[in-house]
**Student:** 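There's a structure below that I have some questions on.
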Amino acid sequence: MPSSRLIALLDLDCFYAQCESVRLDIPSHLPVAVFQWSGAIAVNYPARAAGIKRFMKLEDMKKVASDIVAIHVEVETLSSAFIEEAGDEDVRKSKYKKQYSLTCEEKALAFSRENGHFPSRTSAQANIERYRYVSGLIFSRLRIFLDEVVGQGGYKLEKASIDELYVDLTEYVNKSRESTPPPLTGKVVIIGGDKNWTDDAQCLMAANLVSRLREDIKTTLGYTLSAGLAINKTMAKLAAGRGKPDGLAVLPRSSEAMKVALETTSVLEVRGYGGKGGKIVCENVLKFRGYNGPWEGDEYEEECKKLSMKMCGDCPADVLGSKHDWRLMNNGEEGEEVQHTKPGAPTKSITTFKSFVGDKESCHRKDDVKSKLGAWIEMMVKSLVRRVLDDSKRNNRWCKTLCVYFCNDVKAVKSKSTKFPGKSAQGKEESVTKFFIKTLEESTVWPIIRVGVSADNFFPLGAGLGIFLSKENEAGVTKPTDFKTTKVAKVVEKSTLFATVPPKSLAGICWNCKACTYENEADAKVCEICKTSRSVEDDEEYAKRLQKQFNDEEAEGVAIGVGVGVGEKRKAKKAKTVKDFFGS
DNA sequence: CATTATGACGCT
DNA sequence: AGCGTCAT
């Protein structure tokens, strides 16, 4: 049997709609749509069956499903926004906990109050915190289940979005000695219809685990999810699509099954090929196959859709386009190494946006910025700072960069960034607001119909082994007491931040100074920062720590990030064609 | 057809 | 640093 990886992609079914169904106890047969202003952003399966789609308006839905349940996402209104104390995460946690544990009467009341009643977008901002909360619950539960059943370190979990994650089960199936796994429960789809797929005991074991996991989430928290199981992330994601809703789709590790999958999947369905990149690939492959046009219109679109992964893979690499286009193609086929994450994995950026429709709200000139957007800006800044503070409490980190976005066209977003105020800085909100307003006032693009602000570039706040920072840095981290101020002062001129946890690229090739924690070059005899001589103890302690860090990482996953795109690792490895990669 | 709010990441 | 692409 192949020694390839086994990756599962788990995807919560129509997540926001499910959240609302659970919160308000909506009967499962009813069509449900979650709205953001006039358009739906999530629809459940009964609604989809009636032909209801994303962005559809309520009136149009009623034409095909008169019993449609229409729930609007939570909003913060300009008048009542943010009564809670900034940074008091517990308050908000219990707020959402309450939202999801209403009594029957309260649910009925909330349902009748909310169903079909939409807030006004001219005085409110959409807020999806309610769903982030459930996402956190589910991710935590998944972690508990996997720790129990697979064991800590026996799997790798990667958060891909608020409602999606990858689980690498390769190690689990390789180690485990379970002889006859219990039968699979729930809906199972075998791609390619391979009757003998169960001969692959490891694959069967993984499939069994995933089906138990789905069961667990269903019984403990009441949410259904779809899953795909395959040899890499790309194929797992594709498989999951076939399992929807509430099912598991397995792509067996046989060349026959893979052939079927490649033949029956349009290249445009592959993650990463839905846009311009996919179009370029299609164009080139069509040319290669002797297609002579037309190169636009319905007929052309149809031709593109008909291009399977196999057809693309059968092309010589140079046919697929420029180096850039081929890289996209290659990455899509290859999938990606799984990165470690932890439950509630920290995002790499925290963003808040607000769009304005209609001339009344538009901001046409510099003078409009304060008068028309002032209140919005204040609200968004409050929201952002609050989320950054909550994040800081949870993840013990702070952000370096503040970025303001604005545009007069949803497709071309302008941005301007600056330094984010330090954690202990006074008047954070005021300084962010000031930059926000100044940036908009300097805009060369009018009218401004959409504005946003984000925080990113996070760094750890003295986690684990501690860090030290320059005086100039306003991050407000309490200085560790175990090194001398004078030595830190020396560092200050040189750099702004040193972490005592070395980057992976340095692991094993540097030594850690006990006196000031600086990571020195491997061959340095004296600490570059504090000039302390290197000792035998330094070496030993460092070796131990590296080992510990390695173990912890395996067990817990320490990397911050979700990595759904092109990673460094993958640039090194280039499969020439789809065939080369899959070996079929 | 585009539509919202929110992410990740690539290119220069 | 700023903008473009892709996803949902």
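In what follows, chains carry the letters A, B, and so on, assigned in the order in which the sequence lines appear, proteins first and then strands, with residues in each chain numbered from 1.
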**Student:** Whether A/Lys414 contacts C/dC3 is assessed here as follows: a side-chain N or O lying under 4.0 Å from the phosphate OP1 or OP2. Is that the case?
**Tutor:** yes

**Student:** Distance check needed: B/dT4 P versus A/Arg54 CZ, whole Å only.
**Tutor:**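 Atom-to-atom, A/Arg54 to B/dT4, this comes out as 11 Å.
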
**Student:** What does A/Lys57 touch in the nucleic acid at a heavy-atom separation under 4.0 angstrom: a base, only the sugar-phosphate, or nothing?
**Tutor:** nothing

**Student:** How long is the line joining NZ of A/Lys279 and P of C/dC6, in whole Å?
**Tutor:** 9 Å

**Student:** Considering non-hydrogen atoms only, spot the tightest contact between A/Phe15 and A/Ser135 and give its length.
**Tutor:**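 Looking at all heavy atoms of both residues, the closest pair is CZ-N, 3.7 Å.
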
**Student:** Among all residues two or more places apart in sequence or in another chain, which pass the ring-ring contact (aromatic ring centres under 6.0 Å, His included) test with A/Tyr131?
**Tutor:** A/Tyr16

**Student:** Taking ring-ring contact (aromatic ring centres under 6.0 Å, His included) as the test, write out the residues that go with A/Phe35, two or more places apart.
**Tutor:**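 With neighbours one apart ignored, the set is A/Phe118.
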
**Student:** Among the nucleotides B/dA5, B/dT6, C/dC3, which one has an atom lying closest to any side-chain atom of A/Ser355?
**Tutor:**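 Shortest atom-to-atom distance from the side chain points to B/dA5.
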
**Student:** In this structure, which one of A/Glu76, A/Glu429, A/Glu129 forms a salt bridge (Lys or Arg N to Asp or Glu O under 4.0 Å) with A/Arg386?
**Tutor:** A/Glu76

**Student:** Judged by each residue's nearest nucleotide on DNA chain B, which is more toward the 5′ side, A/Ile350 or A/Phe55?
**Tutor:** A/Phe55

**Student:** Would you kindly give the CD-to-C1' distance between A/Glu74 and B/dA5, to the nearest whole Å?
**Tutor:**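 Rounded to the whole Å, the gap is 14 Å.
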
**Student:** Measuring from A/Ile377:CD1 to A/Lys372:NZ, what's the distance to the nearest 0.5 Å?
**Tutor:**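 Going from the CD1 atom of A/Ile377 to the NZ atom of A/Lys372 covers 13.5 Å.
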
**Student:** Nearest whole Å is fine: how far is B/dT4 C1' from A/Gln36 CD?
**Tutor:** 4 Å

**Student:** Any chance you could measure A/His72, atom NE2, to A/Gln36, atom CD, to the nearest 0.5 Å?
**Tutor:** 6.5 Å

**Student:** State which of C/dG2, B/dC9, B/dT4 makes the closest approach to the side chain of A/Lys348.
**Tutor:**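 Given the options C/dG2, B/dC9, B/dT4, the side chain of A/Lys348 is closest to B/dC9.
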
**Student:** Whole angstroms only, please: what is the CD1-C1' distance between A/Ile52 and B/dT3?
**Tutor:**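 To the nearest whole Å, that distance equals 17 Å.
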
**Student:** Of the nucleotides B/dG7, B/dT4, C/dG4, which one has an atom closest to the side chain of A/Ala412?
**Tutor:**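 So the side chain of A/Ala412 is nearest to C/dG4.
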
**Student:** Name the residue closer to the 5' end of DNA chain B, choosing between A/Asp409 and A/Arg132 according to the nucleotide with the nearest heavy atom.
**Tutor:** A/Asp409

**Student:** Among C/dT8, B/dT6, B/dT4, which nucleotide sits nearest the side chain of A/Ile41?
**Tutor:**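 For A/Ile41, the side-chain atoms sit closest to B/dT4.
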
**Student:** Within less than 4.0 Å of OP1 or OP2 of B/dT6, is there a side-chain N or O belonging to A/Thr352?
**Tutor:**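 Yes, such a contact exists.
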
**Student:** Which nucleotide sits closest to the side chain of A/Phe353: C/dT8, C/dG2, B/dA5?
**Tutor:**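 The answer is B/dA5.
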
**Student:** Measure CG/A/Leu402 against P/C/dA1 and give the value in whole Å, please.
**Tutor:**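 Atom CG in A/Leu402 sits about 12 Å away from atom P in C/dA1.
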
**Student:** Which listed nucleotide (B/dT4, B/dG7, B/dT6) is nearest to the side chain of A/Thr347?
**Tutor:** B/dG7

**Student:** Return no unless some side-chain N or O of A/Ser161 is found under 4.0 Å from OP1 or OP2 of B/dG7.
**Tutor:**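 The answer is no; no side-chain N or O of A/Ser161 sits under 4.0 Å from OP1 or OP2.
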
**Student:** Please report, rounded to the nearest Å, how far the P atom of B/dC9 is from the CD atom of A/Glu158.
**Tutor:** 9 Å

**Student:** Respond yes when some side-chain nitrogen or oxygen of A/Arg121 is under 4.0 Å from OP1 or OP2 of B/dT3, and no when none is.
**Tutor:**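 Checking B/dT3 against A/Arg121, no side-chain N or O comes under 4.0 Å of OP1 or OP2.
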
**Student:** What nucleic acid atoms does A/Gly274 come within less than 4.0 Å of, heavy atoms only: base, sugar-phosphate, or nothing?
**Tutor:** sugar-phosphate

**Student:** Which part of the nucleic acid does A/Ile162 contact within heavy-atom distance under 4.0 Å: base, sugar-phosphate only, or nothing?
**Tutor:** nothing

**Student:** A/Ser417 side chain: which of C/dC6, B/dA5, C/dG2 is closest?
**Tutor:**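 My answer, after comparing the listed nucleotides, is C/dG2.
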
**Student:** For a quick test of reading the model: is some side-chain N or O of A/Lys53 closer than 4.0 Å to OP1 or OP2 of B/dA2?
**Tutor:**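 Looking at the OP1 and OP2 atoms of B/dA2, neither is under 4.0 Å from any side-chain N or O of A/Lys53.
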
**Student:** Would you say C/dG2 has OP1 or OP2 under 4.0 Å from some side-chain N or O of A/Lys416?
**Tutor:** yes

**Student:** Can you measure A/Tyr273 atom OH to C/dA7 atom P for me and round it to whole angstrom units?
**Tutor:** 10 Å

